[in-house]
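Nothing fancy with the numbering, it's 1 onward along the sequence. Indexing begins at 1, ligand by ligand and atom by atom, following the structure's order.
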Amino acid sequence: MALIVQKYGGSSVADADSIKRVAKRIVDTRRAGHDVVVAVSAMGDTTDELLDLAHEVAPIPAPRELDMLLSSGERISMALLAMTIHSMGFEARSFTGSQAGMMTDSHHGKARIVDVTPVRVREALDEGAIVIVAGFQGINRDTLDITTLGRGGSDTTAVALAAALNADVCEIYSDVDGIFTADPRVIPQARKLDHVSSEEMLELAANGAKVLYIRAVEYARRHGVLIHARSTFSTAEGTYVLGEGMKNPRESEGAAMEEPIVAGVATDLSQAKITVSGVPDVPGKAAEIFTVVAKSGANVDMIVQNVSAASTGRTDISFTLPKADAASALKALAAERGGIGFDSLQHDDQIGKLSVVGAGMRTHSGVSAILFEALSTAGINIEMISTSEIRISVVLRADELADAARAVHTAYGLDSEIEAVVHAGTGR
Ligand code: ASP
Ligand code: MG
């Protein structure tokens with residue numbers, strides 16, 4: 001008998017029929033002799049609808065009240081799910097985040113879990129009940145106000161419960177079959193991964209892959225939680241996300257598989273590029289520019305500085321940042337133009353970022369050559385390049401991103417013969 005934590009995303013509990021399907025799956029797990037704790041998201045687009053409603057009554061909703069409102073979405077789904085399970089003849093008990101002991105810091109809308117004390121969850125399990133916990137929410141340890149964990153936060157709820165309860169596995173259910181070598185909507189030949197290391201998963205998620213949330217993967221990595229990302233719509237096994245030193249549960253079934261050098265290709269259309277032209281090439285200018293950008297609240301990703309023209313002693317500095325941060329960064333820089341002494345600013349929101357991720361890069365040479373060769377053959381121009389130990393990223397034109405991703409996916413030998421199944425298609 002195992003203790004299994006399951007998380008169901010909004011698209012898995014979008015209506016009554018979906019809730020019944022999920023309830024059946026939970027009951028099946030229970031029937032197989034396991035203890036089950038479920039973290040559930042709000043039904044369908046409930047969270048978006050509540051957000052819209054809030055903005056209709058207040059331009060800037062009070063953060064405390066917004067969390068109170070948004071947390072109600074998960075209370076609806078948890079109670080409906082528990083009722084459904086009851087009507088199937090099984091004992092089920094739902095708990096809000098605070099009842100389940102999800103203690104957070106004070107950051108409304110983006111709270112971090114600081115402690116989990118699942119006393120009531122344990123009690124309910126000991127009494128033989130299936131436990132349903134509202135995802136995405138907790139309680140501020142100091143003020144006892146309700147907090148939410150940020151969009152997609154139910155993944156983190158599930159992982160944190162799994163850690164606190166010392167569960168055998170945390171199954172994250174969505175409408176895709178697992179983690180793929182690329183977004184199947186961009187590359188139909190994307191292949192489902194049997195497993196992926198948590199460090200690769202973090203790089204993929206940070207660079208555009210949307211199946212799992214970064215905070216949840218980080219939490220799992222820190223606390224040694226085994227994640228199994230799989231589909232609500234099929235019983236096929238999905239993808240295991242393995243932390244350091246963790247064994248692939250499937251490996252006992254056969255010989256250890258050879259690790260591929262590249263785990264996957266991620267694409268990201270959410271970034272913009274700002275170029276600061278004619279920057280005096282003297283010490284301190286980069287510091288001035290990025291201090292201004294940081295103060296505007298922008299989160300800078302890639303940075304490139306050109307070689308300065310000998311005749312002018314000036315250089316260009318380009319950087320990428322989330323599209324949503326670009327306007328305030330531009331405004332802040334423009335205000336400092338005289339002080340910093342640059343000539344002009346350019347804003348480009350038609351860029352795409354392609355990243356290749358694989359732990360094998362540490363030990364294999366020639367990984368970047370394959371990327372550049374594939375892009376060159378496809379006639380695609382590279383505008384920026386950045387690397388980490390296990391990732392290479394390039395910035396290209398947005399309208400060439402999909403073609404580039406397909407060419408690169410093929411070049412690394414990642415293509416599968418069968419087309420990936422995309423069910424409802426949101427990945428949540
Ligand atoms: N309902 C929340 C959201 O839509 C949390 C989640 O789905 O994980 O972001
Ligand atoms: Mg949702």
**Salt-bridge criterion met for Arg21 and Asp17 (N-O under 4.0 Å)** = no

**Asked** Is there at least one pair of N or O atoms, one from Ser154 and one from ligand 1, spaced under 3.5 Å apart?
**Response** yes

**Request:** Look at ligand 1 and say whether Gly73 reaches it with a heavy atom at a distance under 4.0 Å.
**Result:** no

**Asp155 and Lys7 ion-paired at < 4.0 Å** = yes

**Message:** Only heavy atoms of Arg151, strictly under 4.0 Å: list the atoms of ligand 1 that pass.
**Reply:** 3 (C), 4 (O), 9 (O)

**Prompt:** Do Gly150 and ligand 1 have an N or O pair less than 3.5 Å apart?
**Reply:** no

**Request:** May I ask you to check if ligand 1 and Ser41 share an N or O to N or O distance below 3.5 Å?
**Result:** yes

**Message:** According to salt bridge (charged side-chain N to carboxylate O under 4.0 Å, His left out), who are the partners of Asp349, at least two apart in sequence or on a separate chain?
**Reply:** none

**Request:** Would you check if the distance from the ring center of His86 to the ring center of Phe90 is below 6.0 Å?
**Result:** no

**Prompt:** When the ring planes of Phe290 and Phe319 are compared, do they come out parallel, tilted or perpendicular, using 30° and 60° as the limits?
**Reply:** perpendicular

**Prompt:** What do you reckon, does Gly152 put a non-hydrogen atom under 4.0 Å from ligand 1?
**Reply:** yes

